[in-house]
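Each remark here refers to the structure printed beneath this line.
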Amino acid sequence: MHKIAGPIWGFFNFIRHKSPVPLSLDQYQYFFSALHHVDLSTLNNKDDLLRFTKIFWLNHSDFNAHYDFYFNSFTDWNALLQSPASEPVPNNSIQTENKSIPKFETKEADNSETKSKPSEPIQPKKSQSEEALVDFQLVLQESNVSSAQEESIQSFIRHDFALADQFIVPFDNRSFVQRLRRKVETADLVASDQLNVAAMIESYTRTGYIEEILYEMQDASHSNVVLLADRFGSMLAYEYLEEHFITGLRQLPYCTLEHYFFYNLPEETPDQMHYKFISAIIGQKDLETVRHKWNQHTWFLILSDAGAHSGVVNRERMKSTAKFWRYLRNISSHTHWINPVPFEYLNDCTAKRLQMTIPMIEPTEKTLYHMMYNK
């Protein structure tokens with residue numbers, strides 16, 4: 001991260017001052033915060049970094065071609081990302097012989113035959129190498145003295161920082177996983193690679209021959225957790241929460257994790273006795289529950305708002321949801337419905353009615369603790 005932070009700051013300043021792309025300083029702060037949390041193995045090449053910066057700095061598709069031009073011209077990003085050595089210095093001169101500056105399209109009525117083109121990029125007064133070494137503290141200092149023009153830009157920029165939502169979570173993942181691990185583990189005995197000589201001698205003295213090779217048994221533990229996530233519609237706002245759960249559940253040792261999703265409710269099979277789940281894990285097959293291998297030790301976590309945002313009472317959905325709930329509860333008592341919508345915000349709706357028969361919990365530190373310890 002350190003080897004790209006400097007050039008990124010230089011690039012941010014370059015497009016902010018020398019291109020028509022509207023940017024404000026707080027957009028860099030959001031980006032820099034995300035850069036500290038994101039898995040850097042996902043930033044393998046120039047295209048990955050380009051997409052990642054666009055999340056924070058490209059506010060309108062009208063500037064897409066402009067943004068690509070200035071990004072590709074600023075420095076050799078692939079060499080920067082692949083080199084383990086010191087930070088490369090951005091190009092001191094931008095070659096424009098074989099590159100045409102993209103047209104800047106506006107929303108105004110097109111009354112002329114030609115549209116205005118952006119001016120050719122001009123190097124900042126500071127050298128790019130100096131810009132690359134600017135400390136992040138400069139961002140904070142400069143934000144306190146932002147110009148009136150930048151403040152006016154902030155007023156109409158649409159700040160849609162979807163990625164940043166992943167860091168605003170209502171519970172600590174490590175604490176959740178440590179507690180859950182103790183609850184989901186199922187003690188079991190498995191054969192080791194050590195021969196059980198005593199048992200084989202006893203068998204020989206009793207029958208006069210050795211019936212089978214016997215191995216010593218040792219304690220083992222295993223667990224099976226199934227996350228069933230409601231997606232799309234109003235649940236789009238909680239996709240970051242689903243990802244947060246998965247990040248934690250993947251850390252459970254000796255655990256078979258199954259992750260499926262559905263829309264409102266899973267589709268029933270033609271006989272209306274079982275359900276179809278769509279796999280959310282690459283390589284994991286979709287499932288018709290008639291073929292499931294779950295048992296009374298399986299833990300089911302259902303993440304769904306249960307129609308909390310609908311604002312109406314849908315009686316058919318209530319019946320179908322209750323049927324789905326009973327189906328899973330008949331397999332395992334460790335079935336839990338996690339509703340991400342704060343209960344105090346629920347008016348009379350489907351979810352409010354379902355709470356009378358289905359115990360729902362909010363994904364908070366306290367309620368998840370109570371879920372696991374039944375307190």
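Hydrogens, waters and symmetry mates are skipped; everything else that's a heavy atom, side chains included, is used.
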Please determine whether residues Phe261 and Tyr240 belong to a single hydrophobic cluster, defined as Ile, Leu, Val, Met, Phe, Trp and Tyr linked transitively by side-chain heavy-atom distances below 4.5 Å. no
Nearest non-hydrogen partners of Glu268 and Lys276, listed with the distance: O-CE, 4.5 Å
Can you give me the closest heavy-atom contact between Pro342 and Glu362, atom names plus distance? CA-OE1, 3.4 Å
Val177 and Gly248: which non-hydrogen atoms are nearest, and at how many Å? CG2-O, 3.1 Å
Before you tell me yes or no, could you show the steps for Lys323 and Tyr275 under side-chain contact (heavy atoms from CB on, under 4.5 Å), namely the whole-Å CA-CA distance, both residues' side-chain angles and the distance that decides it to 0.1 Å? CA-CA 11 Å; Lys323 178 181 177 181; Tyr275 294 91; 3.5 Å; yes
Contact between Met273 and Val290 at the side-chain level, heavy atoms closer than 4.5 Å - yes or no? no
Looking at side-chain heavy atoms only, is the closest gap between Lys54 and Asp68 below 4.5 Å? yes
Between Ile358 and Thr321, is a side-chain contact (heavy atoms from CB on, under 4.5 Å) present by the stated rule, with each step listed? CA-CA 9 Å; Ile358 299 177; Thr321 304; 3.9 Å; yes
Would you check if there is a donor-acceptor pair between the side chains of Asn173 and His244 at a distance under 3.5 Å? yes
Okay, side chain of Gln284, backbone of His259: is any donor-acceptor separation there less than 3.5 Å? yes
CZ on Arg353 to CZ on Arg315, rounded to 0.5 Å: 5.5 Å
Gap between atom OG1 of Thr335 and atom CH2 of Trp299 - 0.5 Å precision: 9.5 Å
Rounded to the nearest 0.5 Å, how far apart are CG of Asn224 and CG of Asn295? 7.0 Å
Evaluate side-chain contact (heavy atoms from CB on, under 4.5 Å) for Glu316 paired with Lys319, printing each intermediate quantity in order. CA-CA 5 Å; Glu316 287 302 316; Lys319 292 179 184 177; 4.0 Å; yes
Run the numbers on Arg329 and Phe300 for side-chain contact (heavy atoms from CB on, under 4.5 Å), then give the verdict. CA-CA 9 Å; Arg329 290 283 293 185; Phe300 296 106; over 6 Å; no
Interatomic distance, CG@Leu180 vs CG@Leu301, rounded to 0.5 Å, equals 7.0 Å
Can we call the ring centroids of Tyr67 and Trp57 under 6.0 Å apart? no
Ring centroids only, cut at 6.0 angstrom: are Phe245 and Phe171 within range, meaning strictly under it? yes
Within a strict 4.5 Å, meaning less than it, do heavy atoms of the Thr298 and His334 side chains meet? no
Measuring from atom CG of Asp305 to atom CE of Met360, what distance do you get when rounded to the nearest 0.5 angstrom? 9.0 Å
How long is the straight-line distance from CD1 of Ile338 back to CD1 of Ile361, given to the nearest 0.5 Å? 5.0 Å
Of all the heavy-atom pairs spanning Thr357 and Pro359, show the shortest one and how long it is. O-CD, 3.7 Å
If you count every heavy atom of other residues, nucleotides or ligands that lies below 6.0 Å from Arg179 atom CZ, does the total exceed 12? yes
Mind checking whether Arg181 and Ser223 have side chains closer than 4.5 Å, heavy atoms only? no
Using a 4.5 Å cut-off on heavy atoms from C-beta on, say whether the side chain of Asn264 contacts that of Arg317. yes
For residues Ile246 and Leu257, determine if any side-chain heavy atom of one lies less than 4.5 Å from a side-chain heavy atom of the other. yes
Are the side chain of Thr350 and the backbone of Val312 linked by a donor-acceptor contact shorter than 3.5 Å? yes
Do any N or O atoms from the side chain of Glu239 and from the backbone of Arg231 form a donor-acceptor pair under 3.5 angstrom? no
Take the angle between the ring planes of Trp337 and Phe324 and call it parallel below 30°, perpendicular above 60°, tilted in between. perpendicular
Is there a side-chain contact between Phe176 and Leu249, using heavy atoms and a 4.5 Å cut-off? yes
Closest heavy-atom pair, Gly307 versus Cys349, reported as atoms and distance to 0.1 Å, is O-CB, 4.1 Å
Single-linkage hydrophobic cluster, 4.5 Å side-chain cutoff, Met356 and Met318 together: no
Transitive ILVMFWY side-chain link Phe343 to Val313, under 4.5 Å: yes
Where Val225 and Leu252 come nearest, the two heavy atoms and their spacing: CG2-CD1, 4.0 Å
Non-hydrogen side-chain atoms of Val184 and Cys255 separated by less than 4.5 Å: no
Answer with yes or no whether the hydrophobic clustering places Tyr373 together with Met371; edges join I, L, V, M, F, W, Y residues whose side-chain heavy atoms lie under 4.5 Å apart. yes
Please work out which of the three classes, parallel, tilted or perpendicular, describes the rings of His292 and Trp294, given edges at 30° and 60°. parallel
For Tyr263, look at atom OH and say whether over 12 heavy atoms of other residues, nucleotides or ligands are found less than 6.0 Å away. no
Name the one of Phe12, Phe11, Phe69 that satisfies ring pair (Phe, Tyr, Trp, His ring centres under 6.0 Å) with Phe74? Phe11
By side chain to side chain donor-acceptor pair (under 3.5 Å), which residues pair with Thr289, not counting sequence neighbours? Tyr327
